[in-house]
Amino acid sequence: MGIADDAKDALDATGKKIGRAVDDAKDRFDDKVDDLKADANVKKAEADVKHAEAERDATHTKNDFKEKLRDDS
């Protein structure tokens, strides 16, 4: 092998390493995006539960008030 072949092999290996590094960085980025989406879904679900609980409590309060009005009649 000559110097040119050695340089070509070195450049080829470097190019492959850079390509793997780019792929790894993209995968890490995609994983982070997935994590953020999952966290957002959990927060949305928690907010939905709190909203549903508030509606339930308001309905119970309204119905209790109406029942009291019926009893007072």
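All values below were derived from every heavy atom in this structure, side-chain atoms included, with hydrogens, water molecules and symmetry-related copies excluded.
Using a 4.0 Å cut-off between charged nitrogen and carboxylate oxygen, D64 and K68 do not count as a salt-bridge pair.
The stretch residues 31-40 participates, sequence neighbours left out, in no salt bridge (charged side-chain N to carboxylate O under 4.0 Å, His left out) pair at all.
With sequence neighbours excluded, the residues that form a side chain to side chain contact (heavy atoms under 4.5 Å, CB included) with R28 are D24. With sequence neighbours excluded, the residues that form a side chain to side chain contact (heavy atoms under 4.5 Å, CB included) with E55 are H51. L11 meets the side chain to side chain contact (heavy atoms under 4.5 Å, CB included) test with no other residue; sequence neighbours excluded. Listed by chain and number, the residues in a side chain to side chain donor-acceptor pair (under 3.5 Å) with E67 are R70 (sequence neighbours excluded). For D57, the salt bridge (charged side-chain N to carboxylate O under 4.0 Å, His left out) test picks out no residue, with sequence neighbours left out.
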Might you work through the salt bridge (charged side-chain N to carboxylate O under 4.0 Å, His left out) test for D48 and K44, ending with a clear yes or no?
CA-CA 6 Å; D48 289 345; K44 182 184 179 311; 3.0 Å; yes
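For the atom pair K16 NZ and D23 CG, the distance stands at 13.5 Å (nearest 0.5 Å).
Within the 4.5 Å cutoff, no side-chain heavy atoms of V22 are placed close to those of K26.
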